[in-house]
Amino acid sequence: MASAPPDSSQPVFRFAPSPNGRLHLGHALSALTNEALADHFGGRLLLRIEDIDLTRCRPEFVAGIETDLEWLGIRFESGFRRQSQHFDAYAAALASLRERGLIYPCFCSRQEIRNAVAAREAETNQPWPVDPDGAPLYPGLCKALDPGEVAQRMAAGEEHVLRLDMAAAIATAGRRLGYTAFDAAGDRRVVEVAPERWGDVVLARKDVPTSYHLAVTVDDALQGVTHVVRGRDLEAATDVHVLLQHLLGLPTPLYHFHRLLLDDDGQKLAKSRASQSLAALRASGVTAAEIRRRLGFA
Ligand code: GLU
């Protein structure tokens, strides 16, 4: 029997891990929070593999994600979107921004940016502003390049990223933007965004024809995601996503940011800190039911 077409009024949730390591308890918390909220609101639950970073993402980690989520017993819809197979969708979004003069190529190396920031700090005797992740705002070196020089360097195949011209983007948006935050209790709250605190963010990397911000924004819209549930570490980044949605004519989903799990030393769990993986916990005899209980999903 053919399955019924999805009901367009049904909420759509997604869990979107990056396959650059094994999943840890923090991912389990995120996946289980998505599942609980999708159940609560009668929503569909999608899995998306965010594998734009072709050097760090590996097929065995995709397989690991599938194994771990199946073990946890989370009911995702079958099949998943892999971002690496949709670079054309991100290119179309970049083209639309380029046509309106909202992005520009930047040839700077990290070192050039560090040097420029240090020079400005020495000049002004003031600390240079940093973004919510603590990285210095891009000091705009390539924004003022002569168009002839840009064309020449591009034609010569010089490596570059594409940056959003934040001031132009905000002027184009023309008004304060926001999103609605939701929770299981039914509370809704409008949150005004301040994307300017990120400066001229990168929308396409040197090695990858997109970036996290662009791919996540385009995919949430293409997949009809209505409810984004993710950790508080991505709360500030949402400001960029809401601005991009507005510029690209895409809907803004509802957002919920869940707590983060901390290591004993108070740091956020992360693959890079070798936080205990679900695979290692499983191998040591921990059951999926215990993980659910431990994280508050009895
Ligand atoms: N892929 C991102 C990560 O693993 C999460 C994306 C999102 O939820 O927006 O951190």
Side-chain angles (χ1 to χ4, degrees), residues 11-38 43-58 61-62 64-66 68-69 72 74 76 80-87 89-90 93 132-133 179 181-182 191 193 195 198 201-203 205 208 210-245 248 250-262 267-275 277-278:
V12 180
F13 291 72
R14 83 334 185 244
F15 173 57
S18 299
N20 53 13
R22 291 305 301 248
L23 297 187
H24 54 63
L25 277 176
H27 295 104
L29 175 68
S30 199
L32 289 166
T33 307
N34 264 288
E35 182 188 52
L37 286 167
R44 300 164 56 202
L45 179 54
L46 312 180
L47 173 64
R48 181 167 73 227
I49 299 295
E50 302 215 321
D51 60 345
I52 60 169
D53 189 333
L54 301 173
T55 54
R56 291 174 63 223
C57 294
R58 293 205 240 125
F61 293 139
V62 178
I65 288 171
E66 289 185 276
D68 292 343
L69 294 176
L72 279 175
I74 300 182
F76 286 99
F80 52 82
R81 183 177 173 92
R82 285 185 77 139
Q83 291 190 319
S84 61
Q85 293 170 354
H86 297 281
F87 286 146
Y90 316 131
D133 285 346
Y179 61 84
F182 75 99
V191 180
V193 299
W198 289 96
V201 286
V202 171
L203 294 189
R205 292 163 34 172
V208 179
T210 183
S211 68
Y212 161 65
H213 293 308
L214 185 69
V216 85
T217 302
V218 167
D219 279 359
D220 282 338
L222 283 179
Q223 293 190 289
V225 172
T226 58
H227 292 61
V228 172
V229 175
R230 59 189 182 197
R232 286 199 188 126
D233 52 338
L234 293 174
E235 193 164 359
T238 305
D239 293 14
V240 176
H241 308 164
V242 171
L243 175 62
L244 289 175
Q245 285 151 7
L248 295 168
L250 305 174
T252 294
L254 301 171
Y255 286 92
H256 174 83
F257 301 99
H258 60 72
R259 70 190 168 99
L260 300 176
L261 292 182
L262 302 180
Q267 300 279 335
K268 180 184 94 165
L269 292 194
K271 291 173 193 143
S272 51
R273 265 195 296 279
S275 303
S277 68
L278 296 178

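When a ligand or atom number is given, it counts from 1 through the structure's own listing order. Computation of the quantities below employed the complete heavy-atom set of this structure, encompassing side-chain atoms and omitting hydrogens, waters and symmetry-equivalent molecules.
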Tell me whether ligand 1 is touched by F15 - counting only heavy atoms on the residue side and a distance under 4.0 Å. no
For R14 and ligand 1, answer yes if some heavy atom of the residue is under 4.0 Å from a ligand atom, otherwise no. yes
For the residue pair H256 and F182, categorise the inter-ring angle as parallel (less than 30°), tilted (30 to 60°) or perpendicular (more than 60°). tilted
Would you call the rings of Y255 and F257 parallel, tilted or perpendicular if under 30° counts as parallel and over 60° as perpendicular? parallel
Using the side chain to side chain contact (heavy atoms under 4.5 Å, CB included) rule, pick out the option among T33, L32, N34 that qualifies with H258. T33
Between V228 and ligand 1, which residue portion shows a heavy-atom distance shorter than 4.0 Å: side chain, backbone, both, or neither? neither
At their closest point, which heavy atom of A215 faces which heavy atom of T210, and how far apart are they? N-OG1, 3.6 Å
Between R230 and V216 the two heavy atoms that sit nearest each other are NH1-CG2, 4.1 Å
Could you list which atoms of ligand 1 come closer than 4.0 Å to a heavy atom of R230? 7 (C), 8 (O), 9 (O)
If you count the atoms of ligand 1 from 1 in the order shown, which ones are under 4.0 Å from a heavy atom of V216? 9 (O)
Can you check whether P17 has an N/O within less than 3.5 Å of an N/O in ligand 1? no
Y212 versus ligand 1: do any nitrogen or oxygen atoms come within less than 3.5 Å of each other? yes
Got D220 and R48 here, is their nearest side-chain heavy-atom distance under 4.5 Å? yes
